[in-house]
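See below for the structure under consideration.
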Amino acid sequence: MQKKSSFLFYVLLFVFVFVVMFPFLWMLITSIKPMTELFGDKAFTPFTTKPTIKSYMSVFLDYPFVRYLWNSFVVSAITTIYTVFIASFAAYAIARFQFKGKTFILGLVLSVSMFPQIATISPIYIFLKNLGLTNSYLGLIIPYTTITLPLSIWILVTFFRKIPYDLEEAAKIDGASMMQTYWKVIFPLAAPGIFTTAILVFIAAWNEFLFALTINTDEKFKTVPVGIAMFQGQFSIPLGEIAAATIVVTVPLVILVLAFQRRIVSGLTSGSVKE
Amino acid sequence: MAYSLIAPALILILVISVWPVLQSFYFSMFDLKLNSPTKSETHLSYSFDLERYLDNYPFLVGGIDNEIRNGHAKEELQRVKTDLQALDEEIRKNSAVGKNYDIVNDKLLNMEKINPSIALLKINKKTAKEFQKTTEQISKNIKKISKETKLSQGVKLVGLSSAMKQVVVEPTFIGFKHYEDNLTDKRMWRALGNTFTFTVISVFLELVLGLAIALLINKAFVGRGLIRATILIPWAIPTAVSALMWKYLYDGQNGIVAMIFEKVGLVDSMSNLLTSQAGAMFSVIFADVWKTTPYMALLLLAGLQTIPSSLYEAASIDGATKWKQFTSITLPLIKTSLLVALLFRTLDAFRVFDLIWVMTGGGPANSTETISILAYKTMFSQTNFGNGSAISVIVFVCVAIISMIYIKFLGRDLLGDRSGK
């Protein structure tokens with residue numbers, strides 16, 4: 001495994017990266033092309049001589065795009081904070097204590113994370129409608145729990161298990177109560193894991209489509225994925241705007257991913273790798 | 001103590017995930033249609049709609065009086081009126097309905113909003129059938145009279161009397177009829193078939209390509225972090241957004257990918273991609289493979305990295321070929337990661353909604369309509385919640401079967417207690 005990488009290896013690597021990145025690069029090019037170059041022969045030229053930011057202006061001026069971004073942000077942030085908070089207690093208990101029905105609870109958490117969303121949507125929709133919560137932030141935060149809570153419990157359990165038990169024992173011997181132990185010893189040690197979970201939960205909530213499409217139909221409460229998907233009109237596709245909007249949504253995620261890639265990878269793989 | 005820590009999470013999961021699934025199953029046994037007033041709720045028994053009745057009865061009697069005064073079909077109408085009054089008497093005397101009669105009537109007169117709990121009252125089947133018979137008879141008589149004699153407000157009377165027929169709300173419970181209908185419906189089977197095609201092909205490609213990529217990048221090389229970040233980007237972009245992006249890249253006139261595919265000879269003509277049935281299925285699978293292969297590679301890479309390199313060294317000293325090393329060291333050791341990754345990918349692919357919804361909307365000619373899309377359309381385009389719920393329960397059952405198959409292979413590995421104690 002320590003052999004020096006060959007030329008062929010780098011060629012394959014380059015091909016892989018190019019294929020993965022190509023759609024974004026093309027979107028980037030499209031977003032700065034002037035209207036006239038989006039169609040016809042010029043549609044296939046990988047460069048433009050007259051770059052313009054008109055498409056970007058249009059995204060922000062002609063569509064309530066800032067509103068979409070804000071909605072997505074509020075919903076995802078609140079969901080993340082409250083789910084991770086609740087999940088951390090449950091995960092701690094599962095990772096540390098022996099109690100009856102533990103395997104059952106883990107099984108339940110795992111199976112809930114596999115539930116198809118479509119199977120829960122009709123009761124949730126009727127329930128939220130009866131409460132008058134459709135077209136509100138809470139209307140999305142409540143159903144998002146279905147997706148995010150099992151996910152965060154599952155990831156956090158793995159992180160908690162990695163924390164050496166000795167530290168807790170030491171705290172107990174020193175006379176700390178369980179809550180004190182949790183907040184003073186465990187929580188600081190688990191903080192990186194909790195942060196990792198929070199990133200994953202945030203991305204999951206940010207990307208959710210089905211609930212957002214069904215529950216918040218009002219323009220004022222649409223989230224980014226739904227908002228962008230609705231850019232396409234019945235007869236026309238505003239190519240420039242779509243490209244620009246895609247870039248605007250992608251760039252923050254790219255930055256997030258670049259900054260935290262190590263954490264994201266460890267979170268994503270924590271459930272699947274047996275140690 | 002442990003239970004109190006778990007309790008909040010457990011309650012939330014039960015309320016927000018488990019309860020809705022059970023409720024979906026319950027809904028699926030009703031003829032539930034949100035746009036139809038008598039079918040917008042689940043009724044197990046017969047009930048009497050007092051609000052609708054009091055909204056009709058006085059006007060109907062008043063209208064009949066009017067006609068009698070004008071001398072139209074005096075005798076016949078008098079008879080109808082007597083029937084109506086007898087029915088009203090009956091209703092007032094009825095123990096279930098009579099007690100709210102005056103309350104609802106007052107509220108109606110004052111134009112107040114009426115809570116269904118006081119206006120929609122359960123009655124037993126026998127009474128319901130009697131009421132139904134009487135109201136139907138009355139409506140029939142009025143129709144007959146209005147045909148024979150010219151009434152000054154015939155249309156209005158007929159309308160009011162046929163509305164009277166709806167004061168008895170029939171139970172919407174229909175048992176397993178939706179399942180029966182769906183299991184014999186060609187469209188449902190086609191959607192299920194599309195879902196299977198999509199799932200099997202895309203997961204298979206993702207596995208093969210993902211494993212190849214994972215093996216490729218499981219080396220120490222310059223720029224590993226960058227590669228990892230690249231891998232994560234398609235995963236992190238909202239599926240709906242990447243679907244729209246691909247829709248544009250596949251575009252029959254201006255789509256660059258469509259043009260490349262045509263040049264390479266993958267499709268006859270650029271415009272075939274999203275507008276022909278096979279082309280559309282190919283397109284959604286390709287987009288899905290693009291989006292999730294890197295993610296699959298990442299999960300497998302994590303598994304590969306837990307294999308100690310000493311194993312390979314020992315194997316190569318023993319003279320094992322690369323292929324032999326792969327099949328007897330790599331594969332067995334990443335079995336768990338492989339199965340977990342496959343399980344999650346298969347279920348994700350099976351539930352696919354946003355990718356296809358945004359790209360093709362299930363078209364052309366339902367060729368990419370998956371089971372989730374069919375359920376969604378049934379529920380929210382046709383507002384047929386009962387039937388839509390039945391389809392979504394079918395999705396749920398399929399998902400459960402798929403997970404059971406995988407978990408059988410995984411054994412207790414997945415749930416086994418790996419506590420670090």
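All chains are named by letter (A, B, ...) in the order of the sequence lines, taking the proteins before the strands, and each is independently numbered beginning at 1. Not measured: the values here are computed from a predicted model.
Contact tally against chain A (heavy-atom pairs below 4.5 Å) for Gln23(B), Met259(B), Gln305(B): the top residue is Met259(B). The candidate from Ala87(A), Ala204(A), Pro23(A), Ser152(A) with the greatest count of non-hydrogen atom pairs under 4.5 Å with chain B is Pro23(A). Options Phe160(A), Tyr125(A), Phe260(A), Tyr92(A) differ in how many heavy-atom pairs under 4.5 Å they form with chain B, and the most are formed by Tyr125(A). With respect to chain B, the highest number of heavy-atom pairs below 4.5 Å among Pro225(A), Pro150(A), Ala91(A) belongs to Pro225(A). Chain A forms the most heavy-atom pairs under 4.5 Å with one residue out of Gly255(B), Pro294(B), Ala243(B), and that residue is Gly255(B). With chain A as the partner, the residue from Ser242(B), Ser403(B), Pro8(B), Ser372(B) showing the most heavy-atom pairs under 4.5 Å is Ser372(B). Ranked by heavy-atom pairs shorter than 4.5 Å toward chain B, the options Leu256(A), Ile242(A), Thr214(A), Val249(A) are led by Thr214(A). Between chain A and the residues Ser24(B), Gly388(B), Ala7(B), Ala229(B), the most heavy-atom pairs under 4.5 angstrom are made by Ser24(B). For the set Ile264(A), Ile203(A), Leu213(A), Thr83(A), the entry with the most heavy-atom pairs within less than 4.5 Å of chain B is Leu213(A). For the set Val109(A), Val224(A), Leu210(A), Thr246(A), the entry with the most heavy-atom pairs within less than 4.5 Å of chain B is Leu210(A).
With Lys291(B) contributing its side chain and Pro234(B) its backbone, the two residues share a donor-acceptor pair below 3.5 Å. With hydrogens and angles ignored, the 3.5 Å screen pairs no side-chain donor or acceptor of Asn387(B) with any backbone N or O of Thr378(B). At distances below 3.5 Å, not a single donor-acceptor pair connects side-chain atoms of Ser72(A) with backbone N or O atoms of Leu69(A). Between the Trp26(A) side chain and the Leu249(B) main chain, no donor and acceptor come within less than 3.5 Å of each other. Thr145(A) contributes a side-chain N or O that, together with a main-chain N or O of Ile141(A), makes up a donor-acceptor pair within less than 3.5 Å. Panel note: side chain Thr306(B), backbone Gly303(B); a donor-acceptor pair is recorded below 3.5 Å.
Ile215(A) and Pro143(A) get closest at one heavy-atom pair: CD1-CG, 3.8 Å. Closest approach of Ile94(A) to Arg161(A), counting heavy atoms only: O-NH2, 4.3 Å. Closest approach of Phe350(B) to Thr195(B), counting heavy atoms only: O-CG2, 3.4 Å.
In this structure, the portion of Phe380(B) lying under 4.5 Å from any heavy atom of chain A is its side chain and not its backbone. At a 4.5 Å heavy-atom cutoff, the contact between Leu239(A) and chain B is made by side-chain atoms alone. For Ile142(A), the parts lying near chain B are the backbone and the side chain together; criterion is any non-hydrogen pair under 4.5 Å. Only the side chain of Leu108(A) comes within contact range of chain B, with at least one heavy atom under 4.5 Å from a heavy atom of that chain. Contacts of Val15(B) with chain A are absent, with no heavy-atom separation under 4.5 Å from either backbone or side chain. For Met379(B), the part lying near chain A is the side chain, with the backbone staying farther off; criterion is any non-hydrogen pair under 4.5 Å. The parts of Ile16(B) that come within reach of chain A are both its backbone and its side chain, each placing non-hydrogen atoms under 4.5 angstrom from that chain. Looking at Leu13(A), both its backbone and its side chain come within 4.5 Å of chain B, counting heavy atoms on both sides. In this structure, chain A has heavy atoms under 4.5 Å from both the backbone and the side chain of Val395(B). For Lys100(A), the parts lying near chain B are the backbone and the side chain together; criterion is any non-hydrogen pair under 4.5 Å. Looking at Ile402(B), there are no atoms closer than 4.5 Å to chain A (heavy atoms on both sides), in backbone or side chain. Neither the backbone nor the side chain of Leu209(B) comes within less than 4.5 Å of any heavy atom in chain A. Interface residue Leu149(A): only side-chain heavy atoms are found under 4.5 Å from chain B. Heavy atoms of Ile213(B) lying under 4.5 Å from chain A belong exclusively to its side chain. Within the 4.5 angstrom heavy-atom criterion, only side-chain atoms of Tyr3(B), from C-beta onward, approach chain A. When heavy atoms are compared at a cutoff of 4.5 Å, Leu14(B) approaches chain A solely by way of its side chain, counted from C-beta outward. The part of Trp246(B) that comes within reach of chain A is its side chain, from C-beta onward, which places non-hydrogen atoms under 4.5 angstrom from that chain. For Leu10(B), the part lying near chain A is the side chain, with the backbone staying farther off; criterion is any non-hydrogen pair under 4.5 Å. With a 4.5 angstrom heavy-atom cutoff, Ile256(B) touches chain A via backbone and side-chain atoms both. The part of Tyr295(B) that comes within reach of chain A is its side chain, from C-beta onward, which places non-hydrogen atoms under 4.5 angstrom from that chain. Using a 4.5 Å cut-off between heavy atoms, Leu200(A) contacts chain B through its side chain alone, with no backbone atom that close.
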Give the table of side-chain donor-acceptor pairs shorter than 3.5 Å for residues 112-121 of chain A, with sequence neighbours excluded, one pair per line with atom names and distance.
{"unit_1": "Ser113(A)", "atom_1": "OG", "unit_2": "Leu110(A)", "atom_2": "O", "d": "2.6"}
{"unit_1": "Thr120(A)", "atom_1": "OG1", "unit_2": "Gln117(A)", "atom_2": "O", "d": "2.9"}

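Atom CD of Gln253(B) sits in a sparse spot, with 12 or fewer heavy atoms from other residues, nucleotides or ligands closer than 6.0 Å. Summarising the local packing, CZ of Phe85(A) is surrounded by 12 or fewer heavy atoms from other residues, nucleotides or ligands at distances under 6.0 Å.
In this pair, Phe22(A) and Phe18(A) present their aromatic rings tilted. The plane angle is within the 30 to 60° band. Under the 30°/60° scheme for interplanar angles, the aromatic rings of Phe211(A) and Tyr144(A) are found to be tilted. Between Trp357(B) and Phe353(B), the two ring planes are parallel [angle under 30°; tilted spans 30° to 60°].
Exactly one residue among Leu258(A), Val257(A), Val251(A) makes a side-chain contact (heavy atoms from CB on, under 4.5 Å) with Val254(A). That residue is Leu258(A).
Put simply, the side chain of Ile307(B) does not reach to within 4.5 Å of the side chain of Asn218(B), judged on heavy atoms.
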List the steps and the verdict of side-chain contact (heavy atoms from CB on, under 4.5 Å) for Thr148(A) and Phe202(A).
-> CA-CA 9 Å; Thr148(A) 54; Phe202(A) 187 88; over 6 Å; no
